[in-house]
Amino acid sequence: MAERKRKQLSRNEKEKAKSKGGSDKCKQHVTTETRESRYFTCDQTHLQPHLGELFFRQPCVTLAKAFLGKVLVRRLDDGTELRGRVVETEAYLGGEDKASHSAGGKRTGRNTAMFMKPGTIYVYPIYGVYLCMNVSSEGDGAAVLLRSLEPLQGHAIMRQLRASKRKDKARPLKDKELCNGPSKLCQALDVQRRFDRQDMASDSEVWLEDTDSTTEVHEMVSAPRIGIQSHGEWAEKPLRFYLRGNTCVSVVNKEAERLCQT
DNA sequence: GGTACGATAGGCT
DNA sequence: GCCTATCGTACCG
């Protein structure tokens with residue numbers, strides 16, 4: 001309950017932050033599809049399609065931070081490519097991390113992907129209805145949860161995919177609402193359970209692209225993770241990372257932003 | 001517009 | 001029985 005209140009509070013703060021600017025990048029990319037395409041055409045020469053094994057072979061926290069700003073690509077069966085910039089992640093360290101599915105080194109059928117080589121995708125169902133996508137990092141049972149994307153390409157299809165899980169007469173989703181949560185991004189990119197244990201470093205349906213932009217330290221916020229309030233001290237550790245001011249972040253934590261100010 | 005809250009549903013342990 | 005969420009609706013200013 002307290003968590004929910006905190007969430008609500010944070011959402012409010014997110015909206016406020018938006019009006020202060022700093023979200024221009026998001027706006028710039030999110031406004032129209034045409035503009036996004038142009039952005040990508042311009043930058044095409046600087047992109048390194050398919051970040052490989054080397055990228056994922058980093059310690060969990062380092063990888064969770066390194067994900068920020070990278071572009072997640074989903075290629076659908078018909079060849080359509082959906083793109084979103086990663087703006088929010090969480091690190092689940094495995095072993096000692098009590099909030100991790102692999103806490104205590106516990107290995108089950110479900111979490112096997114967490115123990116596989118860095119870059120392995122871990123997709124699991126939650127609350128019976130939703131999916132969450134993680135990527136295995138260096139370290140036994142460690143993985144990075146992808147929490148939010150800033151839609152860059154394929155908005156219409158993302159909206160369609162998201163709408164199919166909602167009521168017919170529900171209000172249309174804003175661009176920033178398409179991927180602003182771990183399960184929302186799975187819906188928007190049509191991430192399926194069968195992706196579990198696939199290798200993001202070599203897969204032809206989901207991969208990560210580099211960009212020429214680097215995330216400055218002051219642009220990144222570290223905050224406690226979401227939805228794990230029952231895990232004691234591990235619930236407090238700042239293992240969630242997001243891009244400051246980006247309107248596509250699912251939950252803004254004002255206190256953490258103050259602490260991260262440099 | 002925002003905030004608060006209840007309902008939801010299925011797999012895993 | 002718990003769970004790394006989300007949605008719709010009711011209420012508030």
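All values derive from a computational prediction rather than experimental measurement. In what follows, chains are A, B, ... by sequence order, proteins preceding strands, each numbered from 1.
- A:I226 has its CD1 atom 16 Å from the P atom of C:dC3, to the nearest Å.
- Using a 4.0 Å cut-off between charged nitrogen and carboxylate oxygen, A:E90 and A:K237 do not count as a salt-bridge pair.
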Report summary line: Encoded 5' to 3' (Watson-Crick or G-U under 3.5 Å; [ ] crossing; | other strand), DNA chain C becomes |||.||||||||.
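- Here the OG-OH distance, from A:S137 to A:Y122, works out to 13.5 Å after rounding to the nearest 0.5 Å.
- For A:R240 and C:dA5, the CZ to C1' distance is 14 Å, given to the nearest whole Å.
- Rounded to an integer number of Å, the gap from CG of A:N111 to P of C:dC2 is 20 Å.
- Within the structure, ring pair (Phe, Tyr, Trp, His ring centres under 6.0 Å) contacts touching residues 66-92 of chain A (residues at least two apart or in different chains) are A:F55-A:F67.
- Side-chain N/O atoms of A:R166 include none lying less than 4.0 angstrom from OP1 or OP2 on B:dT8.
- To the nearest 0.5 Å, atoms CG (A:L82) and CG (A:L185) are separated by 11.5 Å.
- A salt bridge is defined here as a Lys NZ or Arg NE, NH1 or NH2 lying under 4.0 Å from an Asp or Glu carboxylate O, and A:R83 with A:E209 meets this definition.
- Rounding to the nearest 0.5 Å places CG of A:L145 at 8.0 Å from OG1 of A:T89.
- OP1 or OP2 of C:dC7 sits under 4.0 Å from a side-chain N or O of A:R162.
- At C:dA5, one or more side-chain N or O atoms of A:R147 fall inside 4.0 Å of OP1 or OP2 (strictly under the cut-off).
- Scanning residues 93-108 of chain A for heavy-atom distances under 4.0 Å to DNA chain B yields A:T108.
- The pair A:R225-A:D97 counts as a salt bridge, with a side-chain nitrogen and a carboxylate oxygen less than 4.0 angstrom apart.
- Linking ILVMFWY side-chain heavy atoms closer than 4.5 Å, directly or via other members, places A:L51 and A:M116 in two distinct hydrophobic clusters.
- The ring pair (Phe, Tyr, Trp, His ring centres under 6.0 Å) pairs that include a residue from residues 164-209 of chain A are A:H50-A:W207, where partners are two or more places apart or lie in different chains.
- Rounded to an integer number of Å, the gap from A:K174 NZ to C:dC7 P is 14 Å.
- Side-chain contact check for A:D196 and A:Q198: no donor-acceptor pair (N or O, by modelled atom type) lies under 3.5 Å.
- Atom CG of A:L173 and atom C1' of C:dG8 are 13 Å apart (whole Å).
- By the 4.0 Å N-to-carboxylate-O rule, A:E138 lies too far from A:K117 to be salt-bridged with it.
- Taking a cutoff of 4.0 Å between a charged side-chain nitrogen and a carboxylate oxygen, A:E88 and A:R240 qualify as a salt bridge.
- Residue A:R193 is classed as a sugar-phosphate contact, given heavy-atom separations below 4.0 Å to backbone atoms only.
- The distance from atom CG of A:N253 to atom C1' of C:dT4 is 16 Å, rounded to the nearest whole Å.
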Short N/O separations, protein against nucleotides 9-13 of chain C, under 3.5 angstrom:
none

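- Using C1' as the reference atom, C:dG1 and B:dT8 are 16 Å apart when rounded to the nearest Å.
- If you take CZ of A:R110 and C1' of B:dT13, they are 9 Å apart, rounded to a whole angstrom.
- Between A:E90 atom CD and C:dA5 atom P the separation is 7 Å, expressed in whole Å.
- With no hydrogens or angles considered, a side-chain donor-acceptor pair links A:K184 and A:N180 at under 3.5 Å.
- When atom types are taken as modelled, the side chain of A:T120 and the backbone of A:D199 share no donor-acceptor pair closer than 3.5 angstrom.
- Residues from residues 112-145 of chain A lying near DNA chain B, meaning a heavy-atom separation below 4.0 Å, are A:Y127, A:G128, A:V129 in numerical order.
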